[in-house]
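Written out below as structure tokens is the structure these notes cover.
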Amino acid sequence: MKGICILGATGSIGVSTLDVIKRHADQYKVIALTANTNIDVLFEQCLEFKPEYAVVVNTAKGAEFKAKIAGTVIADMTVLCGPEALVTVATLTSVNSVMAAIVGAAGLLSALAAAQAGKTVLLANKESLVMSGDIFMQAIKDSGAVLLPIDSEHNAIFQCMPANYTAGHDAPTARRILLTASGGPFRTTPLDELANVTVAQAVAHPKWDMGRKISVDSATMMNKGLELIEACLLFNMRPEQIQVVIHPQSIIHSMVDYVDGSVLAQMGNPDMRIPIAHAMAWPERFDSGVAPLDIFAVKQMDFEPADLQRFPCLRLAMEAISAGGIMPTVLNAANECAVESFLNEQIRFTDIPVVIERSMKKFSATQADTLEHILEADQQAREQAHLIIKELVV
């Protein structure tokens with residue numbers, strides 16, 4: 001029986017993780033569940049899975065949650081509040097595995113703490129790795145932690161790597177990664193119409209059910225840019241060894257090209273329970289609850305190169321990882337600010353890459369050698385992005 005902590009339990013990844021756990025209750029015990037403000041969903045999850053700990057990051061909502069559980073069967077559950085509580089539950093001795101599913105920079109410190117504590121880190125928070133890069137990977141190596149990718153693409157690559165492959169190390173016989181992308185909702189939209197894209201249109205992903213921020217990232221292809229940076233770190237590849245491939249059907253989740261000319265692909269229905277179940281059962285496999293792939297219903301699969309004119313955010317991510325240093329941190333911070341402003345209808349969809357590019361030009365690629373340096377760069381990039389956003393407010 002493995003103890004698991006789910007950071008970001010009320011989001012789509014957290015919900016899918018609990019669905020998988022429910023199917024394998026003999027193998028996993030939920031030790032801790034965390035949420036930011038969604039205490040109603042957290043309450044129902046705690047009633048069903050009865051964790052030892054619940055964390056509510058928002059302290060005001062935390063007080064509401066404590067009142068909500070009073071007099072219920074979970075009244076004796078330990079409730080912690082504030083962002084520092086995420087680190088507390090991620091490093092509990094009773095926790096073997098940590099599902100790091102908090103979106104954005106907010107998930108960095110707890111994911112890094114889990115890595116430093118030697119946990120099995122199920123990494124769904126790509127921003128943590130994008131921001132902290134070598135520091136995160138070094139923490140994994142130093143502590144003996146196990147890092148298993150949850151993003152469908154990186155999990156697919158991991159599955160296609162040689163037997164006994166360990167994340168962060170070389171795979172000498174793998175010469176190239178083909179990183180697939182659906183192309184999002186605007187793959188064929190005329191370029192002159194993108195400035196008028198609404199929030200509702202941007203969050204309506206054609207294949208995946210995701211949160212609003214990640215859905216916008218998929219629409220701009222920044223999500224794929226962040227994944228490209230993450231893939232360089234996870235699989236010790238150079239940026240030029242990773243090719244982004246638009247695959248609208250989202251059946252092949254990524255491919256690995258080997259020196260002998262073999263290309264291995266991982267296929268499956270577009271459902272996050274597949275990579276979640278793979279990582280939770282690794283190195284074995286168990287049922288995810290996903291229906292078998294009906295290859296005859298798929299009928300055909302299409303592939304095309306990524307258009308960097310249509311998706312400038314992907315170009316900016318490539319520039320950031322090539323520059324190195326703090327530039328991926330700056331890229332991520334500026335993107336988070338720009339996406340939030342778009343979701344609040346302050347700027348246009350096409351302003352998102354403008355904010356990011358102008359922010360990046362304010363910084364040089366200095367070495368990101370300490371966590372403090374990374375957090376400082378993150379804060380400065382956010383301040384710069386907000387100044388630019390003020391100039392663009394519609």
### Query
Should the pair E127-K213 be classified as a salt bridge under the 4.0 Å nitrogen-to-oxygen rule?
yes
### Task
Any chance you could lay out the side-chain contact (heavy atoms from CB on, under 4.5 Å) test for M280 and K2, step after step, and finish with the verdict?
CA-CA 10 Å; M280 290 179 65; K2 299 177 183 177; over 6 Å; no
### Task
Would you please test E383 and Q379 for side-chain hydrogen bond (donor to acceptor under 3.5 Å, both in side chains) and show each step?
CA-CA 6 Å; E383 292 171 359; Q379 182 59 37; 3.3 Å; yes
### Task
Looking only at non-hydrogen atoms, find the nearest pair between R273 and S288 and report the distance.
O-CB, 3.5 Å
### Smallest separation among heavy atoms of L7 and A90, with atom names
CD1-CB, 4.3 Å
### side-chain contact (heavy atoms from CB on, under 4.5 Å) between H278 and Q266, intermediate numbers included
CA-CA 12 Å; H278 172 265; Q266 187 269 341; over 6 Å; no
### Message
Evaluate E319 against L316 for side-chain contact (heavy atoms from CB on, under 4.5 Å), listing each step before the verdict.
### Response
CA-CA 5 Å; E319 292 175 2; L316 293 170; 3.8 Å; yes
### Query
Is atom CG of D76 surrounded by more than 12 heavy atoms (other residues, nucleotides or ligands) closer than 6.0 Å?
no
### Task
Grab the two heavy atoms, one from A306 and one from M221, that are nearest each other, plus how far apart they are.
CB-CE, 4.3 Å
### Message
I'd like to know if E391 and R358 make a salt bridge, using a cut-off of under 4.0 Å between side-chain N and carboxylate O.
### Response
yes
### Flag side-chain contact, heavy atom, 4.5 Å: E230 against L226
no
### Task
Identify whether I21 and V98 are in the same connected component of the hydrophobic contact network (ILVMFWY, side-chain heavy atoms under 4.5 Å).
no
### Query
With hydrophobic residues grouped by side-chain heavy-atom distances under 4.5 Å, do L42 and Y53 end up in a single group?
no
#### Entry: Salt-bridge present (K68, D40; N to O < 4.0 Å)
yes
### Task
Please report the C-alpha distance between D142 and Q138 in whole Å, then the side-chain angles of each, then the deciding distance to 0.1 Å, and finally whether the side-chain hydrogen bond (donor to acceptor under 3.5 Å, both in side chains) criterion is met.
CA-CA 6 Å; D142 290 346; Q138 192 60 49; 2.8 Å; yes
### Query
What do you reckon, is NZ of K50 surrounded by more than 12 foreign heavy atoms closer than 6.0 Å?
yes
### Query
What is the minimum heavy-atom distance between A111 and S128, and which atoms define it?
CB-OG, 3.8 Å
### Message
Just verifying a value: how many Å separate I242 CD1 and C232 SG, rounded to the nearest 0.5 Å?
### Response
3.5 Å
### Task
Tell me whether M222 is reachable from F363 by hopping between hydrophobic residues (I, L, V, M, F, W, Y) whose side-chain heavy atoms are closer than 4.5 Å.
yes
### Query
Is D287 atom CG crowded by more than 12 heavy atoms from other residues, nucleotides or ligands, each under 6.0 Å away?
yes
#### Entry: Gap separating the CD1 atom of I157 from the CG atom of L179, nearest 0.5 angstrom
5.5 Å
#### Entry: F43 with V15, same ILVMFWY side-chain cluster at under 4.5 Å
no
### Value rounded to 0.5 Å, distance of OG in S250 from CG in D271
12.0 Å
### Message
Quick check: do C81 and K66 have side-chain heavy atoms less than 4.5 Å from each other?
### Response
yes
### Query
Among I321, I177, V130, which one satisfies side chain to side chain contact (heavy atoms under 4.5 Å, CB included) with L228?
I321
### Message
Looking at E240, I want to see if its CD is surrounded by more than 12 non-hydrogen atoms of other residues, nucleotides or ligands under 6.0 Å.
### Response
yes
### Query
Going by the angle between their ring planes, with limits at 30° and 60°, are F235 and H154 parallel, tilted or perpendicular?
parallel
### Hydrophobic cluster membership, V393 vs F349, 4.5 Å side-chain cutoff
yes
### Task
Evaluate the ring planes of F286 and Y28, with Trp represented by its six-membered ring, and classify them as parallel (under 30°), tilted (30 to 60°) or perpendicular (over 60°).
perpendicular
### Task
Starting at CG of L314, measure out to CD of Q309 and round the result to the nearest 0.5 Å.
13.5 Å
### Task
Could you pull out the closest heavy-atom pair between A124 and D151, with the gap in Å?
O-OD1, 4.2 Å
#### Entry: Which atom of Q241 lies closest to which atom of R175, heavy atoms considered
NE2-O, 3.3 Å
### Stepwise side-chain contact (heavy atoms from CB on, under 4.5 Å) test for L86 and L109
CA-CA 8 Å; L86 297 172; L109 294 182; over 6 Å; no
### Task
Please say which of M99, E48, Q45 ends up in a side chain to side chain contact (heavy atoms under 4.5 Å, CB included) with L18.
Q45
### Query
Roughly how far, to the nearest 0.5 Å, is the CZ atom of R187 from the CZ atom of R310?
9.0 Å
### Interatomic spacing from SG in C5 to CD in E52 - rounded to 0.5 Å
11.0 Å
### Message
For a quick check under 3.5 Å, do Q384 and Q380 share a side-chain donor-acceptor pair by atom type?
### Response
no
